Amino acid sequence: TQLLEQSPQFLSIQEGENLTVYCNSSSVFSSLQWYRQEPGEGPVLLVTVVTGGEVKKLKRLTFQFGDARKDSSLHITAAQPGDTGLYLCAGALTPQGAQKLVFGQGTRLTINP
Amino acid sequence: SAVISQKPSRDICQRGTSLTIQCQVDSQVTMMFWYRQQPGQSLTLIATANQGSEATYESGFVIDKFPISRPNLTFSTLTVSNMSPEDSSIYLCSVSVMGVGYEQYFGPGTRLTVT
């Protein structure tokens with residue numbers, strides 16, 4: 001059983017479209033992070049959310065942490081080919097164990113020109 | 001944040017041999033992590049390495065197969081021992097840094113192919 005369910009696992013859309021990636025769990029997380037990974041590279045941290053209901057924006061990317069801190073979403077507006085990559089959500093179960101993360105399965109996103 | 005380098009970036013090894021992967025970080029950190037990743041898939045944690053203590057291994061990973069050293073606060077090694085083709089994967093190290101909560105920063109990975 002996956003502790004963090006990420007969906008969809010694959011998504012291919014046209015440039016200019018909007019999309020949302022979801023990360024869900026039955027567990028409460030003290031913090032949740034989103035990463036993007038490109039081929040041949042390690043995951044790059046995009047954002048960390050720690051407060052229930054928190055919304056953070058990074059240019060065309062909007063990240064939301066659920067009120068109960070069990071789920072999160074990543075919304076991309078007007079997707080561009082440069083957004084192509086593997087998106088990973090990862091959560092810390094407790095503040096004490098915050099340094100050890102649980103990862104979702106990943107979403108492979110392809111933006112077609 | 002932290003800048004992490006890994007060596008080698010890739011290698012092709014024969015079955016039965018061992019490979020040691022090095023991970024260097026540009027600042028002192030308490031916790032370092034080693035992950036395995038199949039191409040296009042998510043990350044699986046192998047072990048957590050604290051300086052001055054034995055590494056803590058996740059279920060399914062054992063010290064004899066994946067010995068880890070952590071001699072100081074900026075360096076760690078992971079050895080993949082007695083390799084088989086099933087060990088072919090990408091191996092990543094990461095460090096935990098206090099930012100907005102604890103945040104992990106990753107190295108570029110080592111792509112290992114076992115023939």
Side-chain angles (χ1 to χ4, degrees), chain A residues 1-7 9-11 21 23 29-52 54 56 58 63 65 69 72 84-110, chain B residues 1-10 21 23-25 29-51 53 55-59 61 73 89-113:
Chain A
T1 303
Q2 187 77 20
L3 198 57
L4 259 179
E5 293 287 341
Q6 195 172 335
S7 63
Q9 292 191 36
F10 299 93
L11 185 58
V21 177
C23 194
F29 292 96
S30 63
S31 66
L32 196 138
Q33 299 169 22
W34 285 91
Y35 294 85
R36 181 170 71 204
Q37 185 179 23
E38 299 187 27
E41 300 179 8
V44 174
L45 179 66
L46 296 174
V47 77
T48 301
V49 287
V50 297
T51 305
E54 183 176 4
K56 283 191 173 180
L58 185 66
F63 304 87
F65 202 13
R69 290 186 287 125
S72 182
T84 293
L86 178 68
Y87 288 80
L88 296 158
C89 63
L93 285 169
T94 66
Q96 294 76 17
Q99 299 193 64
K100 180 175 166 181
L101 297 176
V102 173
F103 279 83
Q105 306 100 313
T107 295
R108 179 158 294 283
L109 176 62
T110 302
Chain B
S1 66
V3 178
I4 301 153
S5 59
Q6 281 185 240
K7 287 195 293 187
S9 58
R10 59 176 61 227
I21 302 168
C23 180
Q24 179 78 49
V25 61
V29 294
T30 303
M31 297 183 77
M32 296 179 78
F33 304 87
W34 287 98
Y35 290 87
R36 186 167 70 184
Q37 182 183 33
Q38 296 294 331
Q41 297 187 21
S42 190
L43 282 64
T44 300
L45 181 63
I46 297 171
T48 303
N50 289 336
Q51 191 269 335
S53 63
T56 302
Y57 289 83
E58 297 299 304
S59 176
F61 297 96
L73 291 172
S89 192
I90 300 166
Y91 291 84
L92 294 149
C93 71
S94 73
V95 302
S96 179
V97 176
M98 188 62 186
V100 180
Y102 284 105
E103 299 173 335
Q104 284 195 23
Y105 294 88
F106 286 83
T110 297
R111 181 179 289 268
L112 171 63
T113 302

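These values consider heavy atoms only, across backbone and side chains, with no hydrogens, waters or symmetry-generated copies. It should be emphasised that the depicted structure is a prediction, and the values quoted were computed from it without experimental measurement. In the text below, chain A, chain B and the rest are named by the order of the sequence lines, each starting its count at 1.
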Between B:Pro108, B:Pro39, B:Ser94, the one whose heavy-atom pairs under 4.5 Å with chain A are most numerous: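 Answer, by heavy-atom pair count under 4.5 Å with chain A: B:Pro108.
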Between B:Ile4, B:Leu43, B:Leu92, the one whose heavy-atom pairs under 4.5 Å with chain A are most numerous: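 Top option by heavy-atom pairs under 4.5 Å: B:Leu43.
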Point-to-point distance, once rounded to the nearest 0.5 Å, from CZ of A:Phe103 to OH of B:Tyr35: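 Interatomic distance, A:Phe103 CZ to B:Tyr35 OH, rounded to 0.5 Å: 4.5 Å.
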Portion of B:Leu45 that has a non-hydrogen atom of chain A nearer than 4.5 angstrom: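 Answer is side chain: those atoms of B:Leu45 sit under 4.5 Å from chain A.
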Side chain, backbone, both or neither of B:Gln37 within contact of chain A (heavy atoms, under 4.5 Å):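 Just the side chain, heavy atoms under 4.5 Å.
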B:Ser42 side-chain N/O to A:Gly106 backbone N/O, donor-acceptor pair under 3.5 Å: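 Answer holds: no.
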Enumerate, atom names and distances included, each donor-acceptor pair closer than 3.5 Å involving a side-chain atom of residues 38-51 of chain A, sequence neighbours excluded.
residue, atom, partner, partner atom, Å
A:Thr48, OG1, B:Glu103, OE2, 2.9

Region of A:Gln9 in contact with chain B, defined by heavy-atom distances below 4.5 Å: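 For A:Gln9, no heavy atom lies under 4.5 Å from chain B.
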Closest non-hydrogen atom pair between B:Gln41 and A:Leu86, with its separation: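 In this case the closest contact between B:Gln41 and A:Leu86 is O-CD2, 3.6 Å.
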